[in-house]
Amino acid sequence: MDFKRTPDERFANLADYPFKPNYLQISDGEGGELRVHYLDEGPLDGDVVLLMHGQPAWSYLYRFMIPPLVAAGFRVIAPDLIGFGRSDKPTRQEDYSYARHINWMSEWMLALDLDQITLFCQDWGSLIGLRMLTACPDRFSSVVLSNGGLPTGMIPPEFTEPLKSAYQTLPVVKAEELGERFKDTSGIPGFLYWRKFCAESPDLEIGHLMRVASGSTLSEAAAAAYAAPFPDQSFMAGARRFPSLVPLFHDEPEVEENKAAWEVLHQFDRPFMTAFADNDPITAGGDKRFQEEVPGCRGVAHRTIEGAGHFLQQNAPGACVQAILDITGQSSPTG
């Protein structure tokens, strides 16, 4: 499998990201290897907190959460998914599949022999992280799910062909228009515009996209850090491909596998918290199914984080850290 590896100098002196890189080689599934980058901060014998990012972010998203979690005594591990951050980036969009991402990250987790894990996952971090959990539930002690889910083809079958046909003629809107497309529930689902944008936008610019998604709170230095893994368009196959891998329709890959994963979640009785933002149009209402169907959600103080947006790890890091402290029964690192 052909891949790109972002030069190290792209990651020098990033704002608020003083962490030491760690690497692990995994199988690419075709007889070769890919290198996974991950952060591993805090005491090696501390309880593990696994932070799983989504698209188009990388472990930089957790820069404000890692120090207080380490201060609370946790071993904090934050990988970069294949195609993102400092991890290797296969060059063809066809090299990326939902199943491959699960296999890649599961191999990484097992190679590190992570156990008694508290999982914090958001966006694609939940689509992959929850499948890692359901494959090895005994390795996980608790979960905080934020702005994520485990979709099983949520679009009704009778709308499949009309919407797939409509997708072919959808315009590629500007990044600034995507938020309104998600909020408009009267016609074409906003996520299809997101698929189209990532797949076909002629110049996908990750820093600009993160600024639009994060609002005026994101500094120019942080936007540049989000763009650092992608020197040019040839590094962006994963970022372009990911939205097309979400199983929206009933006949897409991994729908049946995700349904089977839900059956495992129906038996998962360890503490499971939802901590969603109140203003994320992408995942709004997605917490309710987990609260109703996962036994571990019973008796847990679920929460809604005000004004945090889709990337709540950087907009409300304190609330995210507190969710982890609460689900694990730890006290605040500041007392």
Side-chain angles (χ1 to χ4, degrees), residues 53-57 61 121-127 145-218 222-223 226 239-250 252 274-292 302-317 319-320:
H53 74 83
Q55 180 257 2
L61 182 63
C121 55
Q122 177 260 353
D123 192 89
W124 261 101
S126 62
L127 275 75
L145 171 65
S146 289
N147 290 358
L150 192 63
T152 55
M154 68 282 285
I155 294 176
E158 60 268 25
F159 296 121
T160 296
E161 292 309 318
L163 285 175
K164 284 185 176 182
S165 296
Y167 176 82
Q168 301 305 316
T169 58
L170 282 185
V172 178
V173 301
K174 295 181 179 180
E176 291 81 0
E177 298 178 47
L178 288 167
E180 291 304 315
R181 299 290 185 175
F182 275 107
K183 293 175 185 175
D184 182 4
T185 59
S186 63
I188 303 294
F191 199 89
L192 292 182
Y193 284 97
W194 175 237
R195 274 190 177 183
K196 193 83 166 186
F197 174 83
C198 290
E200 299 183 21
S201 181
D203 185 20
L204 187 62
E205 211 290 297
I206 301 301
H208 175 66
L209 184 59
M210 290 298 295
R211 291 203 79 177
V212 171
S214 304
S216 59
T217 58
L218 192 68
Y226 279 116
R240 289 188 175 277
R241 179 66 167 162
F242 254 35
S244 296
L245 302 180
V246 176
L248 295 180
F249 297 104
H250 72 283
E252 290 187 309
T274 60
F276 280 46
D278 64 352
N279 62 338
D280 178 25
I282 303 172
T283 62
D287 50 350
K288 297 298 184 283
R289 183 180 180 187
F290 289 88
Q291 293 171 14
E292 293 169 357
H302 304 291
R303 59 207 58 190
T304 301
I305 302 175
E306 183 177 354
H310 186 61
F311 295 106
L312 68 184
Q313 301 98 313
Q314 69 177 12
N315 295 337
C320 294

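The structure presented is a predicted model; accordingly, all values stated were derived computationally and were not measured.
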- With the side chain counted from C-beta on, respond yes when Phe182 and Asp280 share a heavy-atom pair under 4.5 Å apart, and no when they do not. no
- Query: Which atom names give the shortest non-hydrogen contact between Ser146 and Ala275, and what distance separates them?
  - Reply: OG-O, 2.8 Å
- Message: If you define the side chain from C-beta out and look only at heavy atoms, does anything of Phe276 sit under 4.5 Å from His302?
- Response: no
- Search all heavy atoms of Ile305 against all heavy atoms of Cys320 and return the closest pair with its distance. CD1-SG, 4.4 Å
- Message: Please check: side-chain N/O of Asn147 versus main-chain N/O of Thr283, any donor-acceptor pairing under 3.5 Å?
- Response: no
- Message: Tell me whether Arg289 contacts the main-chain N or O of Gly149 through its side chain, where contact means a donor paired with an acceptor under 3.5 Å.
- Response: no
- Message: Within a 6.0 Å radius of atom CD on Gln168, are there more than 12 heavy atoms belonging to other residues, nucleotides or ligands?
- Response: yes
- Is the backbone N or O of Gly148 less than 3.5 Å from a side-chain atom of Gln122, with the two atoms forming a donor-acceptor pair by type? no
- Is any side-chain N of the basic residue among Glu177 and Arg181 closer than 4.0 Å to the acidic one's carboxylate O? yes
- If you measure from CD on Gln55 to CG on Leu127, what distance do you get to the nearest 0.5 Å? 11.0 Å
- Item | Check: Met154 and Phe191 side chains under 4.5 Å, non-hydrogen atoms | no
- Which heavy atom of His250 sits nearest a heavy atom of Thr160, and at what distance? ND1-OG1, 3.1 Å
- Could you tell me the separation between the CD atom of Glu306 and the CG atom of Asn315, rounded to the nearest 0.5 Å? 13.0 Å
- Message: Any heavy-atom pair between the side chains of Asp287 and Gln291 that's under 4.5 Å?
- Response: yes
- Message: On a heavy-atom basis, which atom in Val246 and which in Pro151 lie closest, and how many Å separate them?
- Response: CG1-CG, 4.0 Å
- Message: Are the side chains of Leu163 and Pro189 in contact, using a 4.5 Å heavy-atom criterion?
- Response: yes
- Separation between CG of Leu248 and CZ of Phe159, rounded to the nearest 0.5 Å: 14.5 Å
- Which heavy-atom pair separates Cys198 from Leu204 by the least distance, and what is that distance? O-CD2, 4.2 Å
- Item | Heavy-atom donor-acceptor pair, Lys196 side chain to Tyr167 backbone, under 3.5 Å | yes
- Closest non-hydrogen atoms of Gln314 and Ser214, given as atom of the first, atom of the second and distance, are NE2-OG, 2.6 Å
- Message: With rounding to the nearest 0.5 angstrom, report the CG to CZ distance, Leu150 to Phe290.
- Response: 5.5 Å
